[in-house]
Every structure is written in C-alpha cells, then in structure tokens.
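Only this structure's heavy atoms are used, side chains among them; waters, hydrogens and symmetry mates stay out. Everything quoted here is computed from the prediction, not taken from an experiment.
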Amino acid sequence: RPSYDTGVECCQKAYASQASGNCLSSLPQIPSAPSGSPPGVGSLGSQVAGLPSQTPPTTRPPVSLTSEAGIIINSEPFIGMQNALDRAKDDIDNKLFLYQTPAFQWIPSSIYRYDDFKDSLYVMATEGVAGKKFYIGDSDVENGHVYGLVNIAAFLAQSMKETIQYDACDENSWDLVGGKYPLSNACGQLGQSYQDYHCSPEEAHMECPVDPNMSITGVTHAKWYGAPGPMFCGPKTNDQPFSGFWDHLYECNKGWANPPESCSDYEGQKAGRYDQSMAYANTAGRTDVEGCCWWGRGVIQTSGVCNFGKLNYYLGAGAKKDGRTSKYPELDFCKDPEVICASSEYKELKWIAGEFYWMESVQSYNEGGWDYTTELRKFVDGGMTGTGFIDGVSGIVNRGCHNPPCGTGALDGGMERAQNFRKVLDALFDGSPPQVGSSPNGLPPGSPADSGPSMGPGPSGKWYPDYNAQWALGKCVNEAPIPGGRPSYDTGVECCQKAYASQASGNCLSSLPQIPSAPSGSPPGVGSLGSQVAGLPSQTPPTTRPPVSLTSEAGIIINSEPFIGMQNALDRAKDDIDNKLFLYQTPAFQWIPSSIYRYDDFKDSLYVMATEGVAGKKFYIGDSDVENGHVYGLVNIAAFLAQSMKETIQYDACDENSWDLVGGKYPLSNACGQLGQSYQDYHCSPEEAHMECPVDPNMSITGVTHAKWYGAPGPMFCGPKTNDQPFSGFWDHLYECNKGWANPPE
C-alpha cells in the first residue's frame, strides 16, 4: 500500500476523483470551539486530523461590529447556533446528510455537505432576501438560539426527505406514464407546468421570461438500474419537432452486439436510453421541451419562473441591473437556473434556494389560526414533545397547508419527515436541549402547570386518532386540545382498537408509550409487562404457556442468568425493535414498521427454540458460567436479526417474492425456483432422506405475501397442470389494470 504523511494527502492522492467525498469526511475532526466562543475563534470546521493546524484563510470580508450583520453574528442566537452546529458537524455530514444507494445502503451525500450549508446560513441569517432573514432565534430570552436550532431542524428534516436522500439537486424524472418516462417531464410532473407558475400581479415584474431558445441539461439524476437521465430543455427543430421518452427497460450494455453497444447517456449508467422516435406526452399532454427549463433545483426543489425570477431579482443579476445591492451580481438565475446545481464556486446556492423558499413560505406562514413562529415557540416551551408541530410544517412544505389534505392531496412521508426532525434534534442537542427563558405564565417551560403541548394526556385525559392519510401509519395521540369532530377514548389502547381496528401494520398500538419493563435481573414474568402500554390498566396479562417445573430442562433454562438477562434486555428494547429495526421500505421509499414481523412473535419463537429447540439443538442465548454471559447470546440474536432485516423484513415479505426477471417478464414458474434453481429437487442427504417431503403434483397453494411496488408480481402459487391450462405464463408488470373508463370497466 502507498503511505502518506497526512490523512488529507492520502485522500487527495488515493481517492482523487471520489465523488462521494467519503474519504475526507471520514477523517477524524479537530474539536470545534468551546460553547460560547465568538464565531471564527477556534472553530476550524473543515480541518481534519492529518492536516497542519494553521487557521485556514477566511474568504469573507471583515464585518463592522456596528453594522447590521456585525450585530447579528455577535449576538447570543448566532453564536449559540454556530457552536451547536459545529459540535454536530460530524453527525450532520455522516448521519443526517445521507442518501440511499440503489443497493439500499445509506452513505454520505456527495452533493449536500455541512460546510456549504453553514456558508448558506451565514448569508441568509445576516443578509437575507427582501427584508426577510432565516430565523436563528430570539435575543431577548436566555438560550434563545434554541428556537433557531429547532427552525433549522425543521428545515433539514424536510430537506432530507425532499432531496438529500436521493443525492439530487436537479429534479428527478419520476412521473411514469404508460410504463415510460416522458422527456417532457422537464416541463412539469403530475400535470403541472412549471413555466406557467407566475408571480402575483404586484410581483410580476420579478419573474423570469420564458426563452424558447434556451437549452439546458441538468447535472444530477436518479441512480437506480435503468434510471432516467438528467432533465433537459431546448427548442423544437425541423429534425426534432417533438420529445420522446426514456426507456428504462432498454439494455444498453451489449458488448456482444455488432457493432458493440454501451451505455453512454450518463456516468454510471447500467440500462435505459433516450428514445426520440415518437412524440410521447407527459401527464399534462406536453410533447416537447421548448421553454421547459424551470424544473426543481436545490435542497427543497425551487421551481417555476416566479421563484427563479425572485432569486434573480433579489440575489442575482436582476438586482445589479436595477442598481441594488446583490450577493451574486454576476449570476443570472433567469438565463441559467442550472447554476444553482452546477456551480463549483458557489456550492451554497443549492441551500440558499431552499432557504429562500423557507423564509417566503414557511417562516411567514399564518393561516387558519396556525402561525409558524408561534407554534415553533410553543413546541420548544412545551419540552419538544409530540409531532404536532413538525406534522404541520410537513403539510406546509408538501401540500401548502398545515392540515392536509387541503385540495392538493394527502401528506406524503409524514412519519419519515417526523423521524428526520427527531434525528436532527438529537444531533443538535445530544438528547438534552438547554432550557429557554420562561413561559409566558412565568413557569419553567415544560412544567406540569405550563400550558405548552406535551405527550401526556390533555385537560380531559382523552386519546384520539390522528387520522393519518396513510392508514398503515395511523396512531392515537393525547395532545391537547382535541381537534373538533374527533372521537375520543379513555385509553390509548381503546382508541387503537376502535379507530384502527383492522390496521395490519400494528403501528397504532406499537406507537403508544410503553410502561417501563422490569429491572435488569428480575426473573421473567415478574414486573415485565411487555405488551402493556400507556392508557391500559396495569393488570398482569394472562399467560398462555403451561407451567414449567423448576427442575425440568426448560425450567432450569428460563431461570438461568442468560435467559433472564436476555429477556430483560429484549423487553427494554421492544419499542426500538418494533419501530426502528423491524422496518420495511414502501414503494415511496418510506421506512415504516413491518406488518408481518413483530417483537411479540419473535419473543415467542425465541422461548420455544431456546428452551426446547429442534433435534437436540437450541438457539444459543449465552453462557451461565461467566458474569453477564447473556451478552454472548444477545450478540447471537443481533447477528440473526441483522440477516433477517436484510433478507425479508425490509421487504415485509414472508413468502418469497417473484423477482427473477426473464426477457422483461416475471415467469409464474419462478415458484419452482429462481436463478436456475429447482426447489423440489433440493433433497436431503441419504441418511436424512426419510425426513423430506414428498412432491405431490396435485397440491395447490397460493402465497399470502408479495412485493408491493407499482405493478409488482402477485403471490407465488403452485398447482397441477390441466387440459385447459397445461402450461404457466408470466406476470406482466407493465399492464395497466385500473381502467374505469373501459367498456366494461376493468
């Protein structure tokens, strides 16, 4: 191996072209400035181990202490915010700013990095746009910067959902029409037309003109197998008067062809191609890309001629043209909106575009009695509990209102956005946010008499359904006040049983607060209520297992240190197992609790296999002859669950899914074996041949689980050949079966 004097030198030479930036970002960081230090003092930010410890030269001009920017950067909110962010830098880059690869790995984003975000925040918090600034907290209360950090957390939670998880700056083409991706998706997806998103009459002078001769190609795109290339726009020509589609099923790597063919539309392409042989309309009916240069860009996908026009009017060449101060006077966002994603000099632009939207549409939101700033302060003063605040914010970002559905549809990814919010809060506050000033009534925020929201029962002690637009994610809450028109119940369990009676996912019950389990070391069954939850009477649930003699083999095992230690550890982790480990990924890339694999069933199985086992073998739960020997058993369980989460839980599958694609179709005979296998020929060894199942040609069985993506194959099945059906066919995943307009309807 080559060796180098510093980690940075190693990364720069050994991984010179690494797009992900993982090498540099994984180097140990030099500690940031102590809390309370003024910005720029000891806060090295981008310095890493192995790099000479000289202070990097600053690129910002000096700021007068008496100027508006000087007053801001020396205020408690700014200093407190910057110190908190610098302390969390590693977690932000390596635990929050992650994207999911086509192999379902989560790795650091190559596009969204902490240093660029920090630079953008400096601009938008000190200079802002059109008199608005990014809110960083209040100076008139102790620890007022906490309000600002929660505002940042809400912003990042939405950004992680909208773009960071896809490692995308340009909008991806994702609106599938008739099994193909129209190239005119650049004009707008789901029936939208971005070039027709005009400003209000009083702001019409700010919007960008639509230039039919403008030609632009995006710099980012989706990365899955066969994913569409980057969006592009350009004028119609005599040779190409229309736009076609992206064929994601086309196999472009054909080294055996004559002449050989390879994928060349973008770096890393594995399949797919642009097909311009015929006009192909997007959802809105558009069949060209002339003037369609206004697709979404940046961390919250700024789109449309009005939004890009405002950026240009306040921050770009438009301000310079009018003789006004401009942060980026040489950048014309109307002539080149792609500069937001493509600029290597101003990497903060992808963040600034999103922060501009945040200041315009979120921080200033005040509709229907829901004011963003007021709700943010109530959330902080109430102890930062519950999801009411972030759910409202998610509605504003995703649907334009705080209480969707509101004309534009149900909230997409509400649970994921709320989970992102909690992750960012944990990173910024390390689980212990400082107390902020005092509540309006003079009591410490979050105290029992304080009126801020909390997870405990409201004034009436009632529970009610949250009516999540996605049934599988619905849950019961007890935050005050109870919304009008909601049924209410005395306990959380009663609410789940009645409001979400047929919920297969079990999310409602599993999301209720748990009663603490027994102290470590207690024998199983003593104080370990397991399935009991807040709002359920605390009687011991009846056991379904027969009594076990203490002197029997099973009795000795369940009263041993390994079994007791194992069970107590598992019971303590029950919530995390059900809600953070046993998750599956929906077709919308949301991670939600599995409806098939649940903790209680796993615990029951472990009892059987650890005490009784099979053929003289038992599931290993640890050693009795050493102190804390159950730890060995827990690691065995962790290894088992790690494989299970990969093999099936992430797909919410019990039956094998049909996934072996042959000639663009899924053979029904995949039930017999996939990738050339034949399951009915997997025989036992000669000494165990008497154990194997006989093959019954008349057996008929249909599976109960299957993949859930759009057009996914149905469950596998088997059955005898008949005169009417002497063969098996295939599953056509491209067939559109919902045809209400057909005669007869289908």
Side-chain angles (χ1 to χ4, degrees), residues 85 88 92 95-100 106 109 111-114 116-118 120-121 124-125 132 134-136 147-172 174 296-304 307 340 348-365 367 370 372-373 375-376 379-380 384 386-404 406 408-428 468-470 473 588-591:
L85 290 174
I92 292 173
K95 295 181 180 179
L96 299 182
F97 292 176
L98 304 180
Y99 86 94
Q100 191 178 44
W106 288 94
S109 168
I111 295 174
Y112 297 101
R113 310 300 295 158
Y114 171 76
D116 303 333
F117 168 62
K118 183 179 175 182
S120 73
L121 206 55
M124 299 305 266
K132 299 184 177 77
F134 197 95
Y135 176 63
I136 58 170
Y147 294 129
L149 289 173
V150 171
N151 185 43
I152 289 171
F155 170 73
L156 293 181
Q158 306 303 322
S159 302
M160 290 158 66
K161 168 64 179 168
E162 295 291 331
T163 56
I164 297 176
Q165 69 168 334
Y166 306 113
D167 207 31
C169 182
D170 287 289
E171 182 176 349
N172 288 340
W174 49 261
R297 295 174 176 89
V299 78
I300 302 191
Q301 298 287 271
T302 298
S303 61
N307 286 328
I340 289 172
E348 72 274 14
L349 284 175
K350 62 183 69 75
W351 290 101
I352 283 178
E355 287 157 358
F356 173 62
Y357 158 81
W358 194 261
M359 290 150 45
E360 282 260 296
S361 302
V362 181
Q363 286 184 184
S364 60
Y365 184 90
E367 300 286 344
W370 203 96
Y372 176 79
T373 305
E375 295 298 327
L376 185 153
F379 172 74
V380 174
M384 300 192 196
T387 63
F389 168 68
I390 192 60
D391 287 345
V393 176
S394 298
I396 297 167
V397 172
N398 185 241
R399 290 300 181 217
C401 67
H402 69 280
N403 56 347
C406 45
T408 56
L411 174 63
D412 172 59
M415 175 178 281
E416 192 175 353
R417 295 170 195 268
Q419 289 172 343
N420 289 344
F421 183 55
R422 184 53 55 187
K423 288 177 187 175
V424 181
L425 291 178
D426 288 345
L428 296 182
N468 191 298
Q470 298 186 50
L473 305 184
F589 295 99
Q590 297 170 292
W591 288 93

**OP:** Quick one: pull up CH2 in Trp370 and CD1 in Ile396 and give me the separation to the nearest 0.5 Å.
**Re:** 4.5 Å

Original post:
Does Phe379 have its ring centroid less than 6.0 Å away from the ring centroid of Phe421?
Top reply: yes

**OP:** Could you tell me which non-hydrogen atom of Thr302 sits nearest to which non-hydrogen atom of Gly354, and how far apart they are?
**Re:** OG1-N, 4.2 Å

Original post:
Do Glu162 and Arg417 pass the salt bridge (charged side-chain N to carboxylate O under 4.0 Å, His left out) test, and can you show the C-alpha distance, the side-chain angles, and the key distance before you say yes or no?
Top reply: CA-CA 9 Å; Glu162 295 291 331; Arg417 295 170 195 268; 2.9 Å; yes

Subject >> From CA spacing to verdict: side-chain hydrogen bond (donor to acceptor under 3.5 Å, both in side chains), Ser120, Glu355 >> reply: CA-CA 8 Å; Ser120 73; Glu355 287 157 358; 2.8 Å; yes

**OP:** Supply the atom-to-atom distance Ile340 CD1 to Lys350 NZ, rounded to the nearest 0.5 angstrom.
**Re:** 10.5 Å

**OP:** For Ala154 and Phe389, work out which heavy atoms get closest and say how close.
**Re:** CB-CE2, 4.3 Å

**OP:** Return the minimal non-hydrogen interatomic distance between Asn398 and Asp412, and the atom names on each side.
**Re:** OD1-N, 2.8 Å

Original post:
Do Thr387 and Asp391 have side-chain N/O donor and acceptor atoms under 3.5 Å apart?
Top reply: yes

**OP:** Check the pair Gln158, Ile390 against side-chain contact (heavy atoms from CB on, under 4.5 Å), reporting the backbone distance first and the verdict last.
**Re:** CA-CA 9 Å; Gln158 306 303 322; Ile390 192 60; 3.7 Å; yes

Original post:
Mind checking what makes side-chain hydrogen bond (donor to acceptor under 3.5 Å, both in side chains) contact with Asn307, not counting sequence neighbours?
Top reply: none

Original post:
Phe155: what forms a ring-ring contact (aromatic ring centres under 6.0 Å, His included) with it, not counting sequence neighbours?
Top reply: Phe134, Trp358

Original post:
Can you name the side-chain contact (heavy atoms from CB on, under 4.5 Å) partners of Ser361, sequence neighbours left out?
Top reply: Tyr357

**OP:** Take Val299 and Ile164, measure what side-chain contact (heavy atoms from CB on, under 4.5 Å) needs, and give me the verdict at the end.
**Re:** CA-CA 7 Å; Val299 78; Ile164 297 176; 4.2 Å; yes

Subject >> Test side-chain contact (heavy atoms from CB on, under 4.5 Å) applied to Leu121 and Ile152, step by step >> reply: CA-CA 9 Å; Leu121 206 55; Ile152 289 171; 3.6 Å; yes

Subject >> Smallest separation among heavy atoms of Gly414 and Leu411, with atom names >> reply: CA-CD2, 3.6 Å

Original post:
Can you name the salt bridge (charged side-chain N to carboxylate O under 4.0 Å, His left out) partners of Glu360, sequence neighbours left out?
Top reply: Lys132, Lys310

Original post:
Just by modelled atom types, is the His402 backbone N or O under 3.5 Å from a matching donor or acceptor in the Tyr365 side chain?
Top reply: yes

**OP:** With sequence neighbours left out, write down each residue that passes salt bridge (charged side-chain N to carboxylate O under 4.0 Å, His left out) with Glu375, or none if nothing qualifies.
**Re:** Lys378

**OP:** Give a yes or no answer on whether the side chain of Arg422 reaches the backbone of Ala418 with a donor-acceptor pair at less than 3.5 Å.
**Re:** no

Subject >> Rounded distance [0.5 Å steps], OH in Tyr135 versus OH in Tyr147 >> reply: 7.0 Å

Original post:
What heavy-atom pair brings Ala88 and Ala427 nearest, and what distance separates the two atoms?
Top reply: CB-O, 3.5 Å

Subject >> Non-neighbouring partners of Gln100 that pass side-chain contact (heavy atoms from CB on, under 4.5 Å), sequence neighbours left out >> reply: Phe104, Trp106, Gln585, Phe589, Trp591

**OP:** Would you check if Phe117 and Leu156 make a side-chain contact, meaning some heavy-atom pair closer than 4.5 Å?
**Re:** yes

Original post:
At what distance, to the nearest 0.5 angstrom, does NZ of Lys161 lie from CG of Asn420?
Top reply: 8.5 Å

**OP:** Kindly write out the residues that satisfy side-chain hydrogen bond (donor to acceptor under 3.5 Å, both in side chains) with Tyr112, not counting sequence neighbours, or none if the list is empty.
**Re:** none

Original post:
When rounded to the nearest 0.5 angstrom, what distance separates CG in Asn172 from OG1 in Thr163?
Top reply: 10.0 Å

Original post:
Taking only residues two or more places apart in sequence, or in another chain, which ones meet Asp116 in a side-chain hydrogen bond (donor to acceptor under 3.5 Å, both in side chains)?
Top reply: none

Original post:
How many angstroms lie between CH2 in Trp351 and SG in Cys169, if you round to the nearest 0.5 Å?
Top reply: 10.5 Å

**OP:** Just jot down the side-chain hydrogen bond (donor to acceptor under 3.5 Å, both in side chains) partners of Gln363, sequence neighbours excluded, or say none.
**Re:** Asn151

Subject >> Full working for side-chain contact (heavy atoms from CB on, under 4.5 Å) between Lys118 and Leu85 >> reply: CA-CA 8 Å; Lys118 183 179 175 182; Leu85 290 174; 5.8 Å; no

